[in-house]
Amino acid sequence: QTVWFYFFLTGSVLLCGYLIFLLRVRTIRAQNRRLSSLVEEKTRDLTSINERLREMSLIDPLTGLRNRRYFSDILKAEAASYLRARARVASGLDQRNIDQDKVWGVFLADADYFKQVNDRFGHDSGDLILTQLATLFRNAVRADDVVIRWGGEEFLVVLRNSVPDYLPAFAEKLRTLVQNSFLRTAGGDLIRKTVSIGFVPLPFYRADP
């Protein structure tokens with residue numbers, strides 16, 4: 001019944017309330033940290049999945065080569081950037097040391113009379129022959145070059161850092177490589193195929209990219 005007891009009781013109630021408040025705040029913060037960590041983890045997972053899906057969308061499922069979309073989405077932009085840089089150097093606006101003798105070589109190779117393979121040996125053999133051609137092309141270039149399945153039996157090869165005099169030699173190298181290679185059908189038969197190749201340097205005119 002004393003005043004001091006009431007003061008003590010009131011202080012104890014306030015202290016308990018404050019401690020409960022602190023405990024609640026601590027619990028909420030811990031929950032927020034867990035939720036934030038979970039959100040970051042899920043975001044990383046989704047980002048990784050999206051990156052894998054995007055990478056898959058740029059790959060030809062049959063041959064494992066880059067596909068036409070890769071050219072449109074990535075390589076085309078790289079080529080445009082390369083040509084802009086070359087143009088700035090050629091016009092004197094940029095003094096960076098870009099080797100004016102270097103070009104991109106762009107080759108389009110088309111397997112000759114490929115319909116005959118499908119008609120004679122079946123489409124499974126046709127697909128198998130295409131995968132073997134893809135391997136030949138991939139092994140013929142460097143790591144920084146690009147081989148794309150352009151469509152059907154057509155392949156696009158991009159030499160990113162070459163010289164003009166080498167381009168016809170490389171086209172002949174590809175042509176000879178395919179002509180001299182035995183390709184296996186689904187039935188185990190060994191056949192030979194030939195390819196027709198067209199190519200062009202980028203830039204077309206080195207003095208005026």
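Numbering of residues begins at 1 and proceeds along the displayed sequence. Atom set for the values below is all heavy atoms of this structure, side chains included, hydrogens, waters and symmetry mates excluded.
- You'll find the side chain of Thr63 reaches within 4.5 Å of the side chain of Asp60, heavy atoms only.
- Side-chain contact check for Val147 versus Leu156: every heavy-atom pair is 4.5 Å or farther apart.
- When all heavy atoms of Leu58 and Asp73 are compared, the pair lying nearest together is CD2-OD2, 4.1 Å.
- Just one residue in the list Phe137, Phe107, Trp150, Phe114 forms a ring-ring contact (aromatic ring centres under 6.0 Å, His included) with Phe155, and that residue is Phe137.
- Between the side chains of Glu41 and Ser37, not a single donor N or O lies within less than 3.5 Å of an accepting N or O.
- Minimum heavy-atom separation, Asn118 to Gly126: OD1-CA, 3.3 Å.
- Under the 3.5 Å distance criterion, the side-chain polar atoms of Thr43 are matched with a main-chain donor or acceptor of Val39.
- Between the side chain of Ser12 and the backbone N or O of Phe8 there is at least one donor-acceptor pair closer than 3.5 Å.
- Here the closest non-hydrogen pair linking Ala140 and Leu177 is CB-CD2, 4.1 Å.
- Between the side chains of Ser48 and Arg52, at least one donor-acceptor pair of N or O atoms lies under 3.5 Å.
- In this structure a side-chain-to-backbone donor-acceptor pair under 3.5 Å is present from Arg149 to Gly152.
- Of all the heavy atoms in Arg86 and Pro203, the pair that sits closest is NH1-CD, 3.8 Å.
- Trp104 has its side chain within reach of Glu78: a pair of non-hydrogen atoms, C-beta onward, lies under 4.5 Å apart.
- Panel note: side chain Asp189, backbone Arg184; no donor-acceptor pair is recorded below 3.5 Å.
- No donor-acceptor pair under 3.5 Å is formed between the side chain of Ser36 and the backbone N or O of Asn32.
- Considering CG of Leu83 and CZ of Phe204, their distance stands at 8.0 Å, rounded to 0.5 Å.
- Taking a 6.0 Å sphere around CZ of Arg26, one finds it holds 12 or fewer heavy atoms contributed by other residues, nucleotides or ligands.
- Checked by atom type and distance alone, the side chain of Asp145 never pairs as donor or acceptor with a backbone atom of Val141 at under 3.5 Å.
- The main-chain N or O of Ala186 is found under 3.5 Å from a side-chain atom of Ser125 such that the two form a donor-acceptor pair.
- Judged by distance alone, with hydrogens and angles left aside, the side-chain atoms of Lys193 form a donor-acceptor pair with the main-chain N or O of Asp112 at under 3.5 Å.
- In this structure, Leu183 and Leu136 have side chains that are in contact, with non-hydrogen atoms separated by less than 4.5 Å.
- A donor-acceptor pair is defined here as one N or O able to donate and one able to accept, closer than 3.5 Å; no such pair exists between the side chain of Ser81 and the backbone of Ala77.
- Side-chain contact between Val158 and Leu75: present, with at least one pair of heavy atoms (C-beta onward) separated by less than 4.5 Å.
- Nearest heavy-atom pair, Ile197 versus Ala171, reported as atom, atom and distance to 0.1 Å: CD1-O, 3.4 Å.
- Side chains of Ile59 and Asn67 form no contact here, defined as non-hydrogen atoms less than 4.5 Å apart.
- A 4.5 Å side-chain heavy-atom check between Val163 and Val103 finds every atom pair outside the cut-off.
- The minimum heavy-atom distance between Arg160 and Arg142, with the atom names listed, is N-NH2, 4.2 Å.
- Here the side chain of Arg66 pairs no donor or acceptor atom with the backbone of Tyr70 at under 3.5 angstrom.
- Distance CD1/Ile191 to CD/Gln132: 8.0 Å, rounded to 0.5 Å.
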